[in-house]
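What you see is a predicted model, and the numbers here were worked out from it, not measured in a lab.
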Amino acid sequence: MSDYLKELNERQREAVTHIDGPLMIVAGAGSGKTKVLTTRIAHLMRNGVDAFNILALTFTNKAAAEMKERIEKILGNNEARNLYIGTFHSVFARIMRAEATKMGYPSNFTIYDSDDAKSLLKGIINENNLDDKMYKPQYVAGRISAAKNNLMTPAQYQQDHFIQQEDARSGRPLIGQLYAQYAARCFKNGAMDFDDLLFKMYQLLVNFPDVLAKYQHKFKYVLIDEYQDTNIAQYQIVKLLAAVHENICVVGDDAQSIYSFRGATIENILKFQKDYEGAKVVKLEQNYRSSQNILNVANRVIGLNKNQIPKNLWTDKPEGEKLKLVRTLTDNDEGKFVADAIAEQKLRNHYNNRDFAILYRTNAQSRAFEESLRRMNIAYRIFGGLSFYQRKEIKDFIAYLRIVANPQDEEALKRIINYPVRGIGKTSVERIIIAANESGKTFWEVLQEPQLAGMKGAAAAAIEAFVVMMRSFQAMQQKNNAYDVAFAVGKHTNMVKELYNDKTVEGLARYENVQELLNSIKEYTETPNEDGEVVEDKSLGAYLQQITLLTDADKNNEEDQDVVKLMTIHAAKGLEFDCVFAVGLEENIFPSAMSLYDREDLEEERRLFYVVITRARDRLWISYANSRYRFGSLVQNDPSRFIDEVPPEYMDRSFAGIAGAKGSGSAASSPGGAARSYAPKQQPAKNTTTVAASGNTDLSRIAALNKAKAAQPVAHVPSANFVASDPEQMEQGMRVEHMKFGVGTIIKMDGGAHNRIATIDFGAGVGEKKIMLNYAKLMILN
DNA sequence: CTTTACCCACTTTTT
DNA sequence: GTGGGTAAAG
């Protein structure tokens with residue numbers, strides 16, 4: 001085990017064996033960055049540093065898990081479990097859990113994900129009677145997020161001239177006010193959003209010197225992965241934590257900085273040497289991943305960017321295959337082409353599914369590939385997109401648990417107070433919110449005394465029943481574990497039963513998802529604490545805080561499933577694959593339409609292109625479609641400008657026609673294939689579409705007319721003496737008159753005592769209708 | 001109060 | 001094409 005140093009090259013070893021003092025590792029793509037980080041941590045421990053004194057921060061849970069695993073492997077014991085390794089967010093959440101009460105938060109504080117944050121913000125925008133077209137929650141959330149990532153309080157935001165000017169110019173001068181209200185409401189709800197985990201952490205360290213001292217002392221060695229992606233808040237926190245010992249090691253690659261939209265600033269890595277005088281700098285420039293050809297392309301592409309630390313990435317691997325550029329007619333053809341190519345490569349070069357990745361710019365692009373892979377019977381898995389925990393049914397279920405752990409959580413309450421339906425509707429909720437805002441009480445407190453909000457009768461009774469139920473769950477929490485509470489919630493709210501009774505396909509999936517959630521909670525509570533000294537917090541509160549920070553990619557780490565992987569390029573950073581399909585290389589997609597007009601933005605897109613190129617070990621395809629469906633309609637985009645930045649000598653061009661099209665070969669060999677259009681087959685198609693189109697307009701007009709006629713109830717003029725009768729008296733067989741539907745016969749009665757529903761046959765033209773007697777006006781005729 | 005039927009906005013990228 | 005939000009009917 002002690003020969004781990006032998007597996008390193010000279011530069012790597014230099015970085016690993018540097019123990020005390022600041023160290024910056026500039027690690028090019030595929031240069032063994034993770035290996036260096038993990039080996040360095042193992043080396044520290046070998047040299048007497050206690051695992052408890054090492055903090056390693058990453059950006060994804062996956063990276064953290066991988067590091068931990070690899071360190072364990074090097075060390076050959078389980079000392080690694082005492083390390084503090086995790087994402088910025090999860091490590092800070094863990095610390096905040098211990099320290100939150102100092103800041104006035106409950107230790108069971110809720111973590112709001114972006115959906116929670118947006119819905120809270122939306123409510124606030126409405127309360128202020130602002131136009132949510134102008135004040136789009138997403139936009140406002142973005143401004144607030146940026147402020148927090150720059151460590152700016154609401155007061156500072158409102159006093160900052162530049163920002164005020166910006167907001168005024170964009171026609172949204174009140175954002176500062178919204179920020180203040182949003183922050184106050186989060187606090188009242190006992191909740192932190194993702195940005196707060198950083199922002200509040202910073203405030204904690206600044207405002208409580210004893211806390212700062214404690215963690216400075218604890219974390220004698222600090223390591224930061226992907227330093228180029230840190231934002232101001234992360235940068236300042238790290239600076240504070242490392243200030244005493246200055247045993248800080250950062251690893252990064254400016255060429256792979258792709259998170260500036262999240263406030264990351266490349267400045268942090270560029271000024272490291274100024275921040276820490278005498279810092280040692282090690283450059284890792286040997287690439288162990290990609291073939292010569294792939295690397296050449298990557299180097300040329302990134303060379304077009306102006307801002308960068310000079311590097312010379314090289315490899316001693318063979319030249320390898322050229323890149324393949326593929327043009328298809330449509331997005332569906334692109335999907336088909338990729339699936340075909342995978343099938344072919346598997347046969348010809350003995351690859352497995354797991355050796356392939358399909359990488360795209362936006363999550364929405366996955367559909368065509370899913371369909372074609374499924375058709376070809378190729379196993380795949382999509383990473384990212386909607387995470388398991390963002391599904392409606394899961395969020396609903398978790399909302400209950402959140403209230404149990406933290407009754408202040410208004411967002412969770414609003415979410416489920418009437419789900420499953422229990423007769424607490426919109427007006428009741430509005431009243432409660434108003435009462436809560438006026439009295440300064442929390443939503444939950446108002447629920448305790450619904451009379452104060454002017455509630456009475458059925459609504460008040462429903463609220464009371466709801467409160468009693470929630471209290472019983474909260475009482476359970478004291479004695480029972482998270483799973484027992486969750487099980488009771490599923491049972492007593494009727495949620496599980498309701499989903500079970502929904503026999504539609506989606507209903508079934510929802511039911512299964514909830515079962516899966518319950519299972520995962522069970523697993524969480526039953527997994528015994530690891531035998532190291534670290535006693536993991538198994539409470540409901542800890543569970544909830546943890547899962548909010550989980551991404552889909554983290555959920556199952558069954559790495560070895562033999563599946564093709566589909567994900568965004570962002571999600572693929574740090575990963576590598578034998579064969580990579582970089583798809584959707586079209587203007588407005590990649591580079592994104594949002595980045596076309598700003599040099600900095602465009603350079604970030606180019607870095608993204610660099611990232612996708614450098615994911616590939618052996619083979620790389622680049623594809624684009626002439627036209628594709630976006631927002632449900634067909635659009636055409638030019639080929640991406642990045643295609644022209646690939647030196648032609650490293651790239652083969654081809655054209656993938658429609659499946660089975662004989663023209664595919666000839667098109668591929670024709671000159672300037674990429675620019676050539678596929679004309680011949682389009683002539684007849686054009687004709688048919690025109691014919692169909694003209695026919696369509698008439699048809700659809702007629703259909704629309706018919707529909708309008710049918711939808712309009714047959715004009716029935718109510719009798720002059722029409723008086724609504726008492727619904728209590730209505731029974732099967734009676735003849736009744738309806739205000740709109742006319743005269744009919746009650747053929748069936750159902751529904752509960754207070755919600756009777758009559759099925760009435762109104763005869764030809766109207767037919768049978770189900771009428772809720774409480775609301776419809778009917779007159780008994782007999 | 002609840003359900004349904006339209007209408008619209010949505011697409012960068014993530015903790 | 002989708003999912004969420006709103007208006008009108010039940």
Chemist: Could you please name the option among B:dT11, B:dT15, B:dT13 that lies closest to any side-chain atom of A:Phe261?
Modeler: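 Between B:dT11, B:dT15, B:dT13, the one nearest the side chain of A:Phe261 would be B:dT13.
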Chemist: Measuring from the side chain of A:Arg361 (C-beta onward, heavy atoms only), which nucleotide among C:dG4, C:dG5, B:dT12 has the closest atom?
Modeler: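 The answer is B:dT12.
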Chemist: Assess, by modelled atom type and distance only, whether the side chains of A:Tyr624 and A:Asp638 contain a donor and an acceptor separated by less than 3.5 Å.
Modeler: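 No, no side-chain donor-acceptor contact under 3.5 Å.
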Chemist: What is the distance, rounded to the nearest whole Å, between atom CD1 of A:Ile125 and atom P of C:dG5?
Modeler: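 Answer to the nearest Å: 13 Å.
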Chemist: Is there a donor in the side chain of A:Tyr182 and an acceptor in the side chain of A:Asp193, or the other way round, less than 3.5 Å apart?
Modeler: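 A:Tyr182 vs A:Asp193: donor-acceptor pair found between side chains.
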Chemist: Across the strands shown, which category fits A:Lys122 at heavy-atom distances under 4.0 angstrom: base, sugar-phosphate, nothing?
Modeler: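 Sugar-phosphate, no base atom in range.
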Chemist: Please determine, for C:dG1, whether a Watson-Crick or G-U wobble partner exists with both distances under 3.5 Å, and give it or none.
Modeler: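 Here C:dG1 is engaged in a pair, and the nucleotide opposite it is B:dC10.
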Chemist: Return the minimal non-hydrogen interatomic distance between A:Tyr389 and A:Lys395, and the atom names on each side.
Modeler: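 Looks like O-CG, 3.2 Å.
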Chemist: Of the options B:dT11, B:dT14, B:dT15, whose atoms approach the side-chain atoms of A:Ala364 most closely?
Modeler: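 Among the listed nucleotides, the one closest to the side chain of A:Ala364 is B:dT11.
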Chemist: Atom NZ of A:Lys62 and atom P of B:dT15: how far apart are they, to the nearest Å?
Modeler: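 Whole-Å distance recorded here is 11 Å.
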Chemist: Contact between A:Leu120 and A:Ile124 at the side-chain level, heavy atoms closer than 4.5 Å - yes or no?
Modeler: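 A side-chain contact under 4.5 Å exists here.
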Chemist: Please give, in whole Å, the distance from B:dT13 C1' to A:Arg607 CZ?
Modeler: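 A:Arg607 atom CZ is separated from B:dT13 atom C1' by 13 Å.
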Chemist: Does A:Asn363 put a side-chain nitrogen or oxygen below 4.0 Å from OP1 or OP2 of B:dT12?
Modeler: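 So the side chain of A:Asn363 is outside the cut-off, no N or O lying under 4.0 Å from OP1 or OP2 of B:dT12.
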Chemist: Which class fits the ring pair A:Tyr259 and A:Phe261: parallel under 30°, tilted 30 to 60°, perpendicular over 60°?
Modeler: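 Aromatic pair A:Tyr259/A:Phe261 classed tilted.
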Chemist: To the nearest Å, how far apart are A:Glu371 CD and C:dT2 C1'?
Modeler: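 Atom CD in A:Glu371 sits about 14 Å away from atom C1' in C:dT2.
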Chemist: Quickly work out the A:Lys118 NZ to B:dT14 C1' distance and round it to whole Å.
Modeler: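 Distance, rounded to whole Å: 12 Å.
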Chemist: May I ask you to say what A:Gln390 touches in the nucleic acid, namely base, sugar-phosphate or nothing, with a heavy-atom cut-off under 4.0 Å?
Modeler: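 Since no nucleic acid heavy atom lies under 4.0 Å of A:Gln390, the category is nothing.
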Chemist: Report which part of the nucleic acid A:Asn418 touches: base, sugar-phosphate, or nothing (heavy-atom distance under 4.0 Å, all strands).
Modeler: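 Result for A:Asn418 = sugar-phosphate.
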Chemist: Heavy-atom nearest nucleotide on DNA chain C for A:Asn126 versus A:Arg367: which residue maps closer to 5'?
Modeler: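 It is A:Arg367 whose nearest nucleotide is closer to the 5' end.
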Chemist: When you get a sec, tell me which of B:dT14, B:dT3, B:dT13 is the closest nucleotide to the side chain of A:Thr362?
Modeler: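 Side chain of A:Thr362 sits closest to B:dT13.
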Chemist: With a 4.0 Å cut-off on heavy atoms, is A:Lys136 in touch with a base, just the backbone sugar-phosphate, or nothing at all?
Modeler: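 The residue A:Lys136 makes sugar-phosphate contact but no base contact.
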Chemist: Taking the minimum atom-to-atom distance to the side chain of A:Thr427, which one of B:dC1, B:dT15, B:dT2 wins?
Modeler: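 Nearest nucleotide to the side chain: B:dC1.
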Chemist: From B:dT15, B:dT3, B:dT11, pick the nucleotide closest to the side chain of A:Thr87?
Modeler: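 From the listed options, B:dT15 comes nearest.
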Chemist: Return the nearest nucleotide to the side chain of A:Ser428; candidates are B:dT14, B:dC1, B:dT2.
Modeler: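 Closest nucleotide among those given: B:dC1.
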Chemist: Report which part of the nucleic acid A:Asp113 touches: base, sugar-phosphate, or nothing (heavy-atom distance under 4.0 Å, all strands).
Modeler: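 No contact at all - A:Asp113 keeps every heavy atom at 4.0 Å or more from the nucleic acid.
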Chemist: Mind checking A:Phe59 for me? I need base, sugar-phosphate or nothing, with any heavy atom below 4.0 Å counting as a touch.
Modeler: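 Answer is sugar-phosphate: A:Phe59 comes under 4.0 Å of backbone atoms only.
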Chemist: Hey, which sits more toward the 5' end of DNA chain B by its nearest nucleotide, A:Met594 or A:Ala459?
Modeler: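 First, find each residue's nearest nucleotide; the 5'-ward one identifies A:Ala459.
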Chemist: Closest to the A:Ser592 side chain: B:dT14, B:dT12, B:dA9?
Modeler: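 Nucleotide nearest to A:Ser592's side chain: B:dT12.
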Chemist: For the pair A:Phe88 and A:Phe59, name the ring-plane relationship: parallel under 30°, tilted 30 to 60°, perpendicular over 60°.
Modeler: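 Tilted, since the angle between the ring planes falls between 30° and 60°.
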Chemist: Please state how far atom CZ in A:Arg630 lies from atom P in C:dT2, giving the value in whole angstrom units.
Modeler: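 Value for this atom pair: 17 Å.
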Chemist: Using a heavy-atom cut-off of under 4.0 Å over every strand shown, decide if A:Lys392 touches base, sugar-phosphate, or nothing.
Modeler: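 Sugar-phosphate only.
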Chemist: How would you label the contact of A:Tyr629 with the nucleic acid (heavy atoms, under 4.0 Å): base, sugar-phosphate, or nothing?
Modeler: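 The answer is nothing, as A:Tyr629 stays clear of every strand by at least 4.0 Å.
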Chemist: Going by the rule ring-ring contact (aromatic ring centres under 6.0 Å, His included), which residues pair with A:Phe642 if we only count those two or more places apart in sequence or in a different chain?
Modeler: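 Expected list: A:Phe590, A:Phe609.
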Chemist: Whole angstroms only, please: what is the CD-P distance between A:Gln138 and B:dT14?
Modeler: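 To the nearest whole Å, that distance equals 13 Å.
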Chemist: Looking at C:dT6, which nucleotide sits across from it as a Watson-Crick or G-U wobble partner, both distances under 3.5 angstrom, or is there none?
Modeler: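 Because both required distances fall under 3.5 Å, C:dT6 counts as paired with B:dA5.
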Chemist: Can you tell me the distance, in whole Å, between the CG atom of A:Asn637 and the C1' atom of B:dT11?
Modeler: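 Result: 13 Å.
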Chemist: Which nucleotide wins on minimum distance to the side chain of A:Thr568, given the candidates B:dT11, B:dT13, B:dT15?
Modeler: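 In terms of side-chain proximity for A:Thr568, the closest of B:dT11, B:dT13, B:dT15 is B:dT13.
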Chemist: Of all the choices, B:dT13, B:dT15, C:dG1, which nucleotide is nearest to the side chain of A:Thr60 once you look at every atom?
Modeler: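 Given the options B:dT13, B:dT15, C:dG1, the side chain of A:Thr60 is closest to B:dT15.
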